[in-house]
Each structure stands twice: as structure tokens, then as C-alpha cells.
Peer 1: 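My questions all concern the structure below.
First the proteins, then the strands, lettered A, B, ... as listed; each starts at 1. All of these numbers come straight from a predicted model, not from anything done at the bench.
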Amino acid sequence: MPQRQNTPMTILPQLIQGLADSLSALGLPERDIKLSPPNNPDFGDLSTNVALTLAKETGQNPVQIANDIKDSLALPAGLIEEISVTPPGFLNFRIGSEYYYQVLAHILADSNYGKGTSGKGQKANVEFVSANPTGPLTVGHGRQAVLGDCVARILEWNGYDVTREYYYNDAGRQMRILGQSVEARYFKIKLPEDGYQGNYIKDIAEKVRTEKGNNVASGDPVFRGKAEEIIFQDISDSLKNLNVHHDIFSNERTFYDTGAIDKTVSDLENEGLVYGADGATWFKTTAVGMDQDRVLIKSTGEPTYRLPDIAYHRNKFERKFDFIVDIFGADHSDTYPDVLAALKALDYNTDKVRVLIHQFVTLIRGGEKVKMSTRKGDFVTLAELTEEVGADVVRYFFIMRGMNSHLNFDLDLAADQSEKNPVYYLQYAHARICNIIKHGEAMGLSIDADYDPKLLDNPSEIRLLKKLEQFPTVVENVMQSLEPQTIANYLHDTANRFHKFYSECRVVTDDTKLSNARIALVKATRNVIANGLNILGISAPEKM
RNA sequence: GCCCCGGUAGCUCAGCUGGAUAGAGCAACGGACUUCUAAUCCGUAGGCCACAGGUUCGAAUCCUGUCCGGGGUACCA
């Protein structure tokens with residue numbers, strides 16, 4: 001797991017250390033001390049409930065404990081302005097502006113402000129999208145594409161060397177039926193049962209006709225091959241338009257060719273976890289705590305998806321990744337426990353694997369749910385959506401909500417009211433700042449001039465600074481949770497405080513000293529917003 | 001039946017590793033542009049955080065149960 005880390009000037013560890021020392025000096029039991037900003041700013045900038053957690057064990061009044069801690073606390077001078085104790089026993093700290101001025105200087109000196117180092121020197125793999133090339137990507141896939149890319153960006157932002165990977169099954173039933181569907185359209189005969197009905201299949205069939213003529217034999221691999229080629233090109237284009245790319249495309253067939261599939265079966269067999277029954281080969285999942293055994297190889301001789309998945313994940317381990325992230329839709333949530341169980345049985349450290357499951361997107365159009373099915377050719381494609389509202393809007397829509405939420409995506413709202421899309425709120429803040437700086441330059445201000453931070457004493461200025469100070473902490477938390485919406489929420493708050501500041505404080509004025517100080521604040525804000533948007537893969541426009 | 005998610009303002013959703021008065025956007029209503037961008041800001045209204053128990057000094061947050069919705073529960077992926 002990534003280690004908690006802080007930039008040198010961060011105040012949190014100093015306070016926590018001071019509190020821990022204080023507990024020990026008072027002869028109180030040790031505690032994992034948590035400090036967080038209280039909801040009500042009247043209480044201060046940081047609060048801890050440590051005294052409350054000690055009350056029961058020591059039998060003392062929590063307010064008394066808090067006061068004892070307060071009295072015995074030894075802290076570096078100058079940073080803390082006020083310590084207070086409030087019922088039922090909170091210990092509150094008001095941090096002096098001096099600290100925030102130091103933070104401001106730090107942000108301006110470091111364009112990578114907020115960057116973490118917990119993944120430095122380590123390799124990570126993020127597998128996402130991984131849709132089989134049976135049809136265009138739908139809006140549903142878009143959520144995973146954006147989530148996966150943002151997770152990858154978060155890892156990169158924390159120092160990981162990230163491989164973005166796309167895995168697909170090209171040896172199974174789905175692709176076989178795809179080929180048969182194209183063939184049926186080519187010969188203008190009835191589609192196979194469960195065949196793909198979309199019009200794109202007809203287009204592929206006609207492409208085969210154009211390139212190979214009218215006499216292609218039934219069963220020719222060109223049908224499937226052409227379909228895979230054309231559909232994959234379409235998928236790549238859709239992702240590219242969303243600003244998403246993959247470094248590696250892995251496919252199932254490879255693992256047959258290398259013998260990895262057979263080896264996986266025999267290795268599991270050696271562990272006593274494989275048996276034959278009813279003509280099929282079974283994985284004895286019940287022996288590793290699952291509630292039912294699962295089929296590895298069907299009686300037809302064809303493996304289920306499970307077997308190649310296991311071989312594939314072994315392959316990831318063999319490629320020496322320190323951190324492996326799998327991103328699946330909720331429809332696959334039942335498959336990964338078997339895969340992890342197999343890996344564990346084969347002695348791989350599954351702590352390195354993190355599986356993220358996201359819930360589905362329900363499309364709403366005209367106030368009604370849109371039913372989608374790739375097989376029936378009934379869907380809204382990701383490409384259409386991106387084309388209509390733009391990559392930034394699509395990305396923000398998908399990332400602003402938690403992956404566990406069953407997202408309702410109102411197509412009309414996204415299209416008709418895109419002017420009011422919240423992503424513009426963030427981008428507008430950035431563009432405004434750029435314009436202020438440009439204006440300042442035009443008015444003859446030196447943008448990199450020395451400034452006196454003490455001139456930043458308006459409440460809206462301090463509030464903005466306090467928000468900027470939180471950025472590294474937010475990044476750390478997101479590195480742990482891998483929930484990008486936290487970044488989106490943070491950026492919204494930051495933009496909100498900036499816009500408030502903007503409405504109350506004019507930056508460029510005749511007062512050069514004040515202007516210089518405010519330019520510094522504004523530049524720091526730009527730095528944070530730009531870095532945050534970058535983590536989300538959303539552009540930071542200089543003008544709008 | 002069993003498993004995984006969710007149920008918070010009219011709508012879409014944050015907040016959930018327990019904290020003090022539950023938030024945002026949209027929708028509604030009322031204000032603010034001779035100023036660095038009004039894609040903004042300020043204000044009003046809107047809530048039994050599905051329901052019922054439990055744990056706790058303290059529960060939207062944790063536990064149990066019920067109800068409702070999504071997904072899974074294949075020799076499909």
C-alpha cells in the first residue's frame with residue numbers, strides 16, 4: 001500500500017506528533033490521531049476528537065482531557081494562532097495566516113504542487129474497457145474508459161510507471177458468432193441465433209464484398225477477421241476522441257499459443273483443485289472458500305472465460321507489476337473472485353491486485369430509459385455522444401459521480417444544457433485567471449515580481465488559500481481510494497472559492513503592491529486547478 | 001433463494017475509514033454587469049438522509065432486519 005507522505009512544510013504531521021507527545025507526557029494511552037477541518041469554520045481550521053476517544057478508557061471527562069492536552073502541548077512557535085476546547089471534547093486549532101503564506105510560496109515555486117511520490121520507481125498496470133470487438137463502444141463503456149484513464153492518471157501523478165492495458169477474448173463464442181453474423185449478411189441469409197443485428201454488420205459484409213468479391217467461401221476466416229479489424233479501429237477512434245489510449249492490447253489467443261492456458265490447468269491440477277465431471281473440467285472453487293465449483297473447460301473442449309482470465313492475470317504478475325488494477329462493470333462482479341482465488345492458490349500475492357467495480361449507466365432520453373443491447377444493434381455510441389457534447393463534458397459527467405452510483409445519464413440534458421454543465425465552472429475559473437494575468441501584464445505589472453503575502457488578508461483570499469493548501473492531502477486520499485470524483489469535488493470547491501474571491505477582490509489595480517500579491521494568489525490557484533484538471537484528463541482552457 | 005451495488009432537497013448526485021448546524025448543480029423565486037470574462041456572484045425557498053431496531057458520549061455514515069430499484073447467481077463474456 002502507498003505510504004502517507006507529505007511535503008516538508010505540511011503542518012499536519014507536526015501537529016499529530018505534538019499531540020502524540022502530549023498524550024505520552026500525560027500518561028494517556030496511544031491513539032491513532034486524526035485531524036480534519038471541522039464543518040463549521042468557527043471552530044478553527046483543524047479539529048481532533050482524540051480526547052473523546054480517551055474518555056471512556058480513562059474514565060475522565062473528555063473536556064478535561066482536552067484541556068490537559070492543550071496545556072501540555074509543545075508546538076513550533078508561530079504556526080498555531082489559537083487552540084480551543086469545545087464541548088463535548090473537541091480540540092480545535094486555528095492556524096495562523098503565516099503558514100498559508102508559506103504554502104503560497106511553495107505552490108508558486110513548484111509547478112508539480114500536489115504530486116505524490118508513493119509510486120516512485122514502481123510499475124502499475126491498469127486494465128480497462130476490455131470490451132470484445134463485437135460492436136461500437138456504447139455510452140456505458142464510456143464510464144469505464146474515463147474511470148480507467150483517470151485511475152491511471154492518478155497513479156502516474158503519484159509516481160507510478162503506468163501501463164494502460166486492453167484485454168479481449170478473440171477465441172470464444174462471441175467472436176465466432178460475430179463472424180457468422182457477417183457471413184450471414186454477406187450471403188444475405190438469416191442471422192444465426194444470438195447473431196449481431198446492428199447495421200454495422202452489414203457494412204462490414206459489404207466491405208468484404210468490395211475487397212474480396214462475391215465468391216468468398218462460407219466459413220472463410222476473413223469474415224471474422226475483417227469484423228475484428230474494422231470494429232477495433234472504430235473502438236480505438238472512439239477512445240482517442242475521449243482522450244483515452246491504451247499502451248498494450250492483450251488477447252486471449254496469445255495464451256493458447258504460448259501454452260499458458262494448458263500450464264494453468266496443470267498447475268491448478270497439481271494443487272489438487274481440478275477435477276473432471278460430466279465431460280467438463282472443473283475448478284474446485286469450494287476448496288478455497290467459494291460456494292460452488294466452476295467449469296474451466298466445457299464438455300465441448302472450449303474453455304470458459306475463467307481459464308484464460310487466470311492465465312492472463314498470471315501473465316501480468318510475470319511482467320512484474322507492483323500494482324495491478326482491474327476495472328470491471330457490475331456485470332462482471334461475480335467473475336473476479338474465482339480468478340483471485342486461483343492466483344492465490346498458485347501462490348501469487350493478490351494484495352497487489354485491486355479490483356474496481358463500477359455500476360451501470362442508465363441512459364435517459366425524452367424522460368425515458370433507453371434500453372441498449374449490442375447484440376440487437378440498439379445503442380447510443382460513445383462516439384456519437386463525444387461528437388455531440390465534447391470530450392471534456394463526457395469525461396466530467398462520468399467522473400463527477402462515484403463509481404458505485406447507478407448513474408442516470410440524461411442525454412437531452414447533456415446536449416441541450418451543455419452550457420450549464422458543471423465542467424465549465426472549473427474551466428471558466430482557469431480561463432478567468434489566465435485573462436487576469438494577461439490583463440495585468442498589459443497594465444505593466446511584472447508577473448513574477450516580489451510580493452508581500454501579508455497584503456492577502458481579505459477573508460475570501462484566506463479561504464481560497466486554505467483550499468489550495470488541501471490539494472496534496474486530497475491527492476493522497478485519492479491515491480488510497482482510487483475514487484477520482486473526490487478530485488472533481490475538490491476542484492469545484494476551489495473554483496467556487498476563486499469565483500467568490502474574484503467578485504470581492506479586484507486583482508489588477510493602481511495599488512501595485514496589492515496587485516502583485518493578488519497576482520501571486522491567482523497564479524497559485526491556476527496551478528492547482530490546472531493540475532487537478534490534468535489528473536482528470538480535462539483541458540484547462542486559457543480563454544472561453 | 002443467495003451474492004454485489006444503490007435508496008440523501010422537485011430532479012441528478014456529493015458527503016459514508018462515526019463527530020459539532022447534512023451540501024452542490026439543475027429546476028423555482030428575488031437581487032448584482034460604465035470594472036480583470038455575468039459560463040460569475042449574493043439572497044430566498046426546499047430534508048423523518050427509504051423504514052425499523054441495535055452499537056456509541058455521538059449515526060446519513062457502522063451492525064441486523066424489512067421494503068424498493070440495478071446487476072449477478074451459465075458448460076455466455
Peer 1: Would you list the pairs meeting salt bridge (Lys or Arg N to Asp or Glu O under 4.0 Å) in which at least one residue belongs to residues 478-495 of chain A, sequence neighbours left out?
Peer 2: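 Qualifying pairs, neighbours excluded: Lys467(A)-Asp493(A).
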Peer 1: Under 4.0 Å, heavy atoms only, any strand: does Gly402(A) hit a base, just the sugar-phosphate, or nothing?
Peer 2: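 Result for Gly402(A) = sugar-phosphate.
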Peer 1: Phe360(A) has an atom CZ; how far is it from atom P of U12(B), in whole Å?
Peer 2: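 From Phe360(A) CZ to U12(B) P: 20 Å.
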Peer 1: Atom NZ of Lys543(A) to atom C1' of U40(B): distance rounded to whole Å?
Peer 2: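 Going from Lys543(A) (NZ) to U40(B) (C1'), I get 20 Å.
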Peer 1: Surrounding CD of Glu82(A) (heavy atoms of other residues, nucleotides or ligands, distance under 6.0 Å), is the total greater than 12?
Peer 2: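 Check passes, neighbour count above 12.
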Peer 1: How close or far is atom C1' of C76(B) from atom CD of Glu302(A), stated in whole angstroms?
Peer 2: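 Rounding to the nearest Å, CD of Glu302(A) and C1' of C76(B) are 10 Å apart.
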Peer 1: Stem ranges for RNA chain B, with three or more consecutive Watson-Crick or G-U pairs under 3.5 Å?
Peer 2: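 Expected stems, ordered by start: B:1-7 with B:67-73, B:10-13 with B:23-26, B:28-32 with B:40-44, B:50-54 with B:62-66.
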Peer 1: Can we call the ring centroids of Tyr168(A) and Phe232(A) under 6.0 Å apart?
Peer 2: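 Centroid separation for Tyr168(A) and Phe232(A): below 6.0 Å.
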Peer 1: Any idea which of U40(B), A77(B), C36(B) is nearest the Ile436(A) side chain?
Peer 2: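 Side chain of Ile436(A) sits closest to C36(B).
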Peer 1: Taking the same atom, C1', in G19(B) and in U12(B), what whole-Å distance lies between them?
Peer 2: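 Between the two C1' atoms, the distance is 28 Å.
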Peer 1: In whole Å, measure the gap between the C1' atoms of C49(B) and G7(B) for me.
Peer 2: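 It comes out at 10 Å once rounded to the nearest Å.
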Peer 1: Identify which one of Val522(A), Leu468(A), Val528(A), Leu426(A) satisfies the side chain to side chain contact (heavy atoms under 4.5 Å, CB included) criterion when paired with Phe498(A).
Peer 2: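 Single pass found, and it is Val522(A).
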Peer 1: For Ala55(A), which contact category applies under a 4.0 Å heavy-atom criterion: base, sugar-phosphate, or nothing?
Peer 2: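 Result for Ala55(A) = nothing.
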Peer 1: I need the CD1-P distance between Ile399(A) and C13(B), as an integer number of Å.
Peer 2: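 These atoms are roughly 15 Å apart.
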Peer 1: Got a list of side-chain donor-acceptor pairs under 3.5 Å for residues 357-366 of chain A, not counting sequence neighbours?
Peer 2:
{"unit_1": "His358(A)", "atom_1": "NE2", "unit_2": "Gln144(A)", "atom_2": "NE2", "d": "2.8"}

Peer 1: Less than 4.0 angstrom between a side-chain N/O of Lys438(A) and OP1 or OP2 of C36(B), yes or no?
Peer 2: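 Answer no for this pair, as no side-chain N or O of Lys438(A) is under 4.0 Å from OP1 or OP2.
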Peer 1: Rounded to the nearest 0.5 Å, how far does NE2 of His332(A) lie from CG of Asp309(A)?
Peer 2: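 Interatomic distance, Asp309(A) CG to His332(A) NE2, rounded to 0.5 Å: 9.0 Å.
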Peer 1: Grab the N/O contacts between the protein and nucleotides 29-35 of chain B below 3.5 Å, and write none if there aren't any.
Peer 2:
{"unit_1": "U35(B)", "atom_1": "O2'", "unit_2": "Arg506(A)", "atom_2": "NH1", "d": "3.4"}

Peer 1: Classify Ser299(A) by what it touches in the nucleic acid, base, sugar-phosphate, or nothing, heavy-atom distance under 4.0 Å.
Peer 2: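 Base: the residue Ser299(A), judged by heavy atoms under 4.0 Å, touches a nucleobase.
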Peer 1: Aromatic rings Trp282(A) and Tyr275(A): how do their planes relate, parallel, tilted or perpendicular, breaks at 30° and 60°?
Peer 2: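 Geometry flag for Tyr275(A) against Trp282(A): parallel rings.
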Peer 1: Taking for each residue the nucleotide of RNA chain B bearing the nearest heavy atom, is the 5' side occupied by Thr362(A) or by Asn489(A)?
Peer 2: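 That would be Asn489(A).
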Peer 1: For a quick check of understanding: with a heavy-atom distance under 4.0 Å over all strands, which category does Ala431(A) fall into, base, sugar-phosphate or nothing?
Peer 2: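 Contact class for Ala431(A): base.
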Peer 1: Measure from the side-chain heavy atoms of Asp331(A) and tell me the nearest of U56(B), C41(B), A77(B).
Peer 2: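 Ranking U56(B), C41(B), A77(B) by closest atom to the Asp331(A) side chain puts A77(B) first.
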Peer 1: With ring centroids as reference points, do Tyr490(A) and Phe471(A) lie under 6.0 angstrom apart?
Peer 2: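 Ring centres of Phe471(A) and Tyr490(A) closer than 6.0 Å.
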Peer 1: Give a yes/no on whether any side-chain N or O of Tyr428(A) is located under 4.0 angstrom from OP1 or OP2 of A39(B).
Peer 2: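 For A39(B), OP1/OP2 do have a side-chain N/O of Tyr428(A) under 4.0 Å.
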Peer 1: Does C13(B) have OP1 or OP2 sitting under 4.0 Å from an N or O in the side chain of Gln485(A)?
Peer 2: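 No, outside the criterion.
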Peer 1: Which value, in whole Å, describes the distance between the P atoms of nucleotides A74(B) and U64(B)?
Peer 2: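 So the two P atoms sit 25 Å from each other.
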Peer 1: CG of Asn477(A) versus P of G15(B): gap in Å, rounded?
Peer 2: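 After rounding, the reported distance stands at 12 Å.
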Peer 1: Report the residues that fulfil salt bridge (Lys or Arg N to Asp or Glu O under 4.0 Å) with Arg463(A), sequence neighbours left out, ordered by chain and then residue number.
Peer 2: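 Here no residue qualifies.
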Peer 1: Using atom C1' in both nucleotides, what's the gap between A39(B) and C33(B) to the nearest angstrom?
Peer 2: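 It comes out at 14 Å once rounded to the nearest Å.
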Peer 1: Measure CG/Asp334(A) against C1'/G71(B) and give the value in whole Å, please.
Peer 2: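 Those two atoms, CG and C1', are 10 Å apart.
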Peer 1: By nearest atom, which of the nucleotides U73(B), A77(B), A38(B) is closest to the Arg432(A) side chain?
Peer 2: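 Nucleotide nearest to Arg432(A)'s side chain: A38(B).
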Peer 1: State which residues pass salt bridge (Lys or Arg N to Asp or Glu O under 4.0 Å) with Glu302(A); sequence neighbours excluded, sorted by chain then number.
Peer 2: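 Glu302(A) satisfies salt bridge (Lys or Arg N to Asp or Glu O under 4.0 Å) with Arg176(A), Lys298(A) once adjacent residues are dropped.
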Peer 1: Suppose we screen for salt bridge (Lys or Arg N to Asp or Glu O under 4.0 Å). Which residues come up paired with Arg395(A), at least two apart in sequence or across chains?
Peer 2: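 For Arg395(A) the salt bridge (Lys or Arg N to Asp or Glu O under 4.0 Å) partners, ignoring immediate neighbours, are Asp149(A).
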Peer 1: Flag the pair Tyr167(A) / Phe249(A) as yes when their ring centroid distance falls below 6.0 Å, and as no otherwise.
Peer 2: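 Centroid separation for Tyr167(A) and Phe249(A): 6.0 Å or greater.
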Peer 1: Indicate whether OP1 or OP2 belonging to C76(B) is found under 4.0 Å from a side-chain N or O atom of Arg306(A).
Peer 2: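 No, outside the criterion.
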Peer 1: Could you measure between the two C1' atoms, the one in C13(B) and the one in G54(B), and give it in whole Å?
Peer 2: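 Here C13(B) and G54(B) have their C1' atoms 29 Å from each other.
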Peer 1: Check whether any side-chain nitrogen or oxygen of Asn404(A) sits under 4.0 Å from OP1 or OP2 of C5(B), and answer yes or no.
Peer 2: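 Negative; the distance criterion is not met.
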Peer 1: Would you mind listing every salt bridge (Lys or Arg N to Asp or Glu O under 4.0 Å) that reaches into residues 330-341 of chain A, with sequence neighbours excluded?
Peer 2: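 Listed once each, the pairs are Arg294(A)-Asp334(A), Arg294(A)-Asp338(A), Arg306(A)-Asp338(A).
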Peer 1: Keeping the roles fixed (side chain from Arg432(A), backbone from His499(A)), state whether a donor-acceptor pair exists under 3.5 Å.
Peer 2: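 Judged by distance alone, no pair lies under 3.5 Å.
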Peer 1: Can you tell me whether the base of C33(B) sits syn or anti, using the 90° cut around 0 to define syn?
Peer 2: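 C33(B): syn.
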Peer 1: Measuring from the side chain of Asn496(A) (C-beta onward, heavy atoms only), which nucleotide among C76(B), C41(B), C5(B) has the closest atom?
Peer 2: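 Of C76(B), C41(B), C5(B), C41(B) is nearest to the side chain of Asn496(A).
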Peer 1: Students often get this wrong, so: under 4.0 angstrom with heavy atoms, is Cys505(A) touching a base, only sugar-phosphate, or nothing?
Peer 2: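 It contacts base atoms.
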Peer 1: With sequence neighbours left out, write down each residue that passes side chain to side chain donor-acceptor pair (under 3.5 Å) with Arg401(A), or none if nothing qualifies.
Peer 2: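 Arg401(A) satisfies side chain to side chain donor-acceptor pair (under 3.5 Å) with no residue once adjacent residues are dropped.
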Peer 1: Tell me every residue that passes salt bridge (Lys or Arg N to Asp or Glu O under 4.0 Å) with Asp392(A), counting only those two or more places apart in sequence or in another chain.
Peer 2: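 None.
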Peer 1: Polar-atom pairs under 3.5 Å, protein N or O versus N or O of nucleotides 67-69 of chain B: list them with distances, or write none.
Peer 2:
{"unit_1": "G69(B)", "atom_1": "N2", "unit_2": "His406(A)", "atom_2": "NE2", "d": "3.2"}

Peer 1: Using a 4.0 Å heavy-atom cut-off, write out nucleotides 18-24 of chain B from 5' to 3' as B (base contacted by protein), S (sugar-phosphate only) or - (no contact).
Peer 2: SBBB--S
Peer 1: Within the supplied structure, the quantity of interest is the number of heavy atoms (other residues, nucleotides, ligands) at a distance under 6.0 Å from Asp510(A) CG; does it exceed 12?
Peer 2: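 No, CG of Asp510(A) has 12 or fewer neighbouring heavy atoms, counting only those of other groups under 6.0 Å.
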Peer 1: Please give the distance between the C1' atoms of C63(B) and G25(B) as a whole number of Å.
Peer 2: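 The same atom, C1', in both gives a distance of 34 Å.
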Peer 1: Counting the atoms with a prime plus P, OP1 and OP2 as sugar-phosphate, which does Glu504(A) contact under 4.0 Å by heavy atoms, base, sugar-phosphate, or nothing?
Peer 2: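 No contact.
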Peer 1: Taking the P atom in each of G15(B) and A50(B), what is the distance between them to the nearest angstrom?
Peer 2: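 Taking atom P in both G15(B) and A50(B), they lie 15 Å apart.
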Peer 1: Whole angstrom is fine here: how far is it from CZ in Arg294(A) over to C1' in U73(B)?
Peer 2: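 Nearest whole value for this atom pair: 7 Å.
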Peer 1: Tyr425(A) side chain N/O closer than 4.0 Å to the phosphate oxygens (OP1, OP2) of C41(B)?
Peer 2: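 Yes.
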Peer 1: Nearest whole Å is fine: how far is C4(B) P from Leu356(A) CG?
Peer 2: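 Taking CG of Leu356(A) and P of C4(B), I get 18 Å after rounding.
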Peer 1: Which is true for Leu296(A) with a 4.0 Å heavy-atom rule: it touches a base, it touches only sugar-phosphate, or it touches nothing?
Peer 2: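 Nothing, no heavy atom under 4.0 Å.
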